[in-house]
Structures are given as structure tokens and as C-alpha cells.
Amino acid sequence: MHKKKLKWDFWTAITILAILIFGLFLIYPLSALFMSAFQDPHSGQFTLDNFRRFFARKYYYETLTNSFLVTTTVTVLTIIIGTVLAYFMSVYKIKGKRIVELGIIISLLSPPFIGAYSWILIAGRSGILTKWLLTNFNYHAPSIYGFGGILLVLTLKLYPFIYLYAAGAMKNIDSALIEAAESLGCHGMKKVFTVIVPLITPTILAGALMVFMNAMADFGTPMLIGEGFNVLPVMIYSEFINEVGDQANFAAAIAALMVLITSVIFLLQKYVVNRKSFTMSSLRPMQTQNLHGFKSVVVHAGIYLLVAISLIPQIVVIYTSFLKTNGSIFLPGYSLDSYTTIFQELDNAITNTYVFSTCAILMIVFLGMTVAYLTIRRRTWLTECIDTISMFPYIIPGSVLGITLLLAFNKEPLILSGTALIIIISLTIRRLPYTLRSSSAILYQISPSLEEASISLGASPLRTFFKVTAYMMLPGVMSGAILSWITAVNELSSSIILFTGDTETMSVAIYTEVIRASYGTAAALSTVLTATTIIAILIFFKLSGNRGISL
């Protein structure tokens, strides 16, 4: 498609709006972050001292090592678990497959810090399992805190990414390739590793990037269950909220370092995928086979057990939300007191969560559809710049985005810190790229000839967009928006830095209640959040007509 000259019309306004939004709320804050990172807190002069300080003390640079250790280990484990699960779910007929996939999706879309909190209730120092083992077997269970706990929570939370990517790729494998391999004597595990795995490797690498970025950026899990095993997001948060002397500049330096690391990983992944990527056209998809005997028992038991363990956090918080509590102590008997407390004392956090997320999604849907149309149908050098810039939020962790927005909008001429608007902006910027990508994918499937036919019948280009193109895009965009809304509702990393007493959200309130050891109210809030996630997923299935989620 040839490039078109920019004309002063509605689309010019959208182009300018997109440039303003990305420029003001992404490029400018990132510039403020890097300027602060290289700035002396006293003189304001350029300096590298903030970075020297980080690499001079083991206490600081060890967080970098810890972050890579966690993210790399989690990524490897999720690749193994997710790929194996996708293989068995794709190749064999699994009983209750829809329920299993729903459980996998729920475990993916629920916030990881709920998992950390739940495992503390189960296997913490006063946990249910810990007490039971000690009372009945006089066995002191290994500590759930530290590296092991973080690894457990993040692996169970993030393996669904790999599963969804790998399962989607396996649907595109033509059975003719498998038959050809078998005719040449390639059977069993040899067939899996020499044919199937190479075919889905580019897709698995895409999923691995999602896992790596999520594990690297996660704040809630290591903060709750890490106990001394510090990682970069926790260090950034701790240094930034102290804000004593040069702490803000030092926190900015760590945040800038984190952006650099995630950028390099992102570019490296894109380079590898581009070199190895290819297109598969499945004329005859692989047919699922029946399982029999001992193999059937082992495969079904393994899948059910994995999904059951993944859902333990949701089950535990729902159950404990109905128990009588006294702070961190659960008392005999059941009660609705925790729910009474949250709806009377924390109702503002619940309302804020839904209002902020909904406002953000409305902005995301409008901008996602219009900006995608610009970058696909009305290409100019400006729209190509917008398309490139829109990728940036992929590589910016939530805690870093929160700091960049505070550094940029905590002073004149535009003070947004402490307002609801800054949280809505954060949610919008973080989730907009996903809707942009999905909207672009939908647009590629809509023939421009439909728009040309509408214009030839007398409709203006603008009317054609809203009456024809947008109408055809809307079902797919709304389905993606629901998934984005779920992640916005569960957002903690940026909100924990940006919130005030009046703008607290449910995720922040849950985190705060856990820190205060108010486990009953934390469980009740977590149950509301889990119920919201499940209802939204069911609405997604209804609107999209899909039985699963593709990424």
C-alpha cells in the first residue's frame, strides 16, 4: 500500500491525539526518568554516581542477579510445563477439557500476589499445612518464603502463557507433516522433538518473552513472600518511597537499568523469532487420539493435579473469606464479618477499581480502533512513528511506569500525582498496545473493498469507518478489551506507587491488608476480585463465541 499524504481531517486529529498521548504520557515520562537517573540530587548536574552506587554494593547489585535467577528459572519451568501440557491437551482426548482450560485461564488472569498470599496461608509459619504436618508427624516443613516461594507462585501463575501459545501453534500443524515423519520411521518422543517442537519453537519463544517480562516486572509476589530475597521491582519501590535525600534519583537509576534490560531482552527475542519464524497452513489439523489403560490414568491425573494446584490460591481465599478471623488468626466457625467490613470500610477501593478500569478500557477501545486504522489504512511517516512508539509499553514494568509518571507529573505545569487521572492514564498506557495489536490483526482480515463500496454509495470516509469498519471490528476488539479490563482490575505494580487514600484500588487494598495481617478482609477482597475475573471470562466466551483464549 502506497503512503498517503497527511490531510487535515478527522484522521489528522486522531494522529495528533495519538502523538500527544504517547509523547506526553510515555516519551516525556521516560525522558524524565532517564534525566533523573543521571542527575545529582544536590547540584542537579550530570553524573554516573547513581549507577556506580548500585554496582558498588552487593546489597544492590545482588537484586539484579536475583531477578535474572528468578525470571530465567521461571521461564524454563513454564516452557517445560506449558509445552508438555499443550502437547497432551492437543494430541489426546482429555475428559473435561473445557473445564480444565477454564481453570488454566482463571489461574493466568488472577493476580499473582493472591497466589503469594494464599501460599502463605497454606505453608507459611502458621499455615494450615505447616501446622498439620507439625501436629500429626512432628515434621517441620521447608520454608515457603524466599526464592522457592517466588518460584512456586510465578511458575503456577505463568505457565498458562506457554500453554496457550503452544496449543495455538499445534492447531496449525498439518497432520501431513506428522504422517511423513512417521513414514520415515520417526515415532514417539523422537517425532515430538524432531518435528513438533521445532515447528512451534518461534511461538514458544513469543510466549517465553511474555513469561520473562511478567516475572521480571512482578512486584507483589516477591514483596509478600520474598522475605529478604530482593529483586529489582521491590528494590525500586523501597528506594523510591523512602525518598530521603538522593533516594528518588537512585530509584530512577535502578528503574532506568530495568528498562534497558527488558529492552535488550525484547529486541533479542524479536531477532531470534524473526530468523526462525515461518508460516504454517493447516489443511488437515492433527486429530486427537483416545487414551487407554495406565497411560490414560497417568496423563489425566497429571493434568488434573497441575490445574488443581494452580487453582489452590483461588480456592483458599474463597474458603478463608468465610471464616471468623481476629487479625491474622482464623477462629472456629464461619462468618460474613469480613465481607461486611470490606463493603463498609473499603467500599471506596472496590468502586475505584471498577471505575478506573472501565474509564481506561473506554479510552483504550477508542484509541485502539482509530490508531490501528491509521497505521494500517492511512500510512504516513507519522503513523509509522506512532506504530513504533506504541511498542514501548511492552517493555516497561508497571512499577517503572508508575515512577516515570510521578517524576513527570509531580510538579508544575501539570500536576497529576495523587489524582485518579494518573492511575487511569497508567492503566491506559500499559494496556493500549495489546488492543492496538489485536485491532490491527482484525483490520487485516477486513477487505478495503467493503469501505470502497460504502464510499462509492455516497457515504463519507468518516461515516464509512464508524458505520462499516468499526462495526465489523467491534466484536473482536471488545473481546480483547474484556481481557485487558481483567488485567487492569488486577493491576498492582503501578497502582501501589501512584495511589493515595482516595484512589486506592482493590489490588492495593488486598496488599495493604496482607501487610497488616488482616487476613480475613484480604481474603474477602481477593474473593471479590476472583469472582470479577471469572464473570468477565464468561462474558468474553459469550461475546467472542470462543471456547478458549488465544494470545
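Atoms considered below: every heavy atom in the structure, side chains included; atoms not considered: hydrogens, waters and symmetry mates.
- Between Tyr163 and Leu158, every side-chain heavy-atom pair lies at or beyond the 4.5 Å cut-off.
- Summarising the local packing, CZ of Phe46 is surrounded by more than 12 heavy atoms from other residues, nucleotides or ligands at distances under 6.0 Å.
- The closest side-chain heavy-atom distance from Phe55 to Leu257 is below 4.5 Å.
- By the 6.0 Å contact criterion, NZ on Lys58 is open, its count of non-hydrogen atoms from other residues, nucleotides or ligands being 12 or less.
- Taking every heavy atom of both residues into account, Ile497 and Ile403 meet most closely at CD1-CG1, 3.8 Å.
- Each of Leu209, Asn214, Thr75, Ile79 was evaluated against Phe161; a single residue qualifies, Asn214, per the side chain to side chain contact (heavy atoms under 4.5 Å, CB included) test.
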- Please step through side chain to side chain donor-acceptor pair (under 3.5 Å) for the pair Asp218 and Thr221, ending with a clear verdict. CA-CA 7 Å; Asp218 188 80; Thr221 300; 2.9 Å; yes
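- Asn230 is listed as a side-chain neighbour of Tyr59, based on a closest heavy-atom distance under 4.5 Å.
- Heavy-atom minimum distance, Thr503 versus Phe356: O-CE1, 3.7 Å.
- Contact annotation: the side chain of Ser526 never approaches that of Met506 to less than 4.5 Å [non-hydrogen atoms, C-beta and beyond].
- Taking 4.5 Å as the limit, every side-chain heavy atom of Phe409 sits out of range of all side-chain heavy atoms of Ile415.
- Side-chain contact check for Asp502 and Thr500: no donor-acceptor pair (N or O, by modelled atom type) lies under 3.5 Å.
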- Item | Trace of the ring-ring contact (aromatic ring centres under 6.0 Å, His included) decision for Phe219 with Tyr511 | CA-CA 11 Å; Phe219 162 79; Tyr511 170 79; 5.8 Å; yes
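- Within the cation-pi definition used here (under 6.0 Å to the ring centroid, within 45° of the axis), Arg125 qualifies as a partner of Tyr145.
- Put simply, the side chain of Val234 reaches to within 4.5 Å of the side chain of Val231, judged on heavy atoms.
- Classification of Glu62 and Arg57 as a salt-bridged pair fails, no side-chain N sitting under 4.0 Å from a carboxylate O.
- The side chain to side chain contact (heavy atoms under 4.5 Å, CB included) search around Thr419 returns Leu416, Leu421, Ile422, not counting sequence neighbours.
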- Task: Evaluate the ring-ring contact (aromatic ring centres under 6.0 Å, His included) criterion for residues Phe250 and Tyr60: first the C-alpha distance (whole Å), next the side-chain angles of each, then the deciding distance (0.1 Å), finally the verdict.
- Result: CA-CA 11 Å; Phe250 182 55; Tyr60 293 127; 4.7 Å; yes
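- By the 4.5 Å heavy-atom criterion applied to side chains, Val70 and Phe229 are counted as neighbours.
- The closest side-chain heavy-atom distance from Ser36 to Leu33 is not below 4.5 Å.
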- Task: Show your reasoning for whether ring-ring contact (aromatic ring centres under 6.0 Å, His included) applies to Phe22 and Phe392.
- Result: CA-CA 10 Å; Phe22 282 116; Phe392 285 9; 8.8 Å; no
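- Here the shortest heavy-atom pairing between Leu232 and Met216 reads CD1-SD, 4.5 Å.
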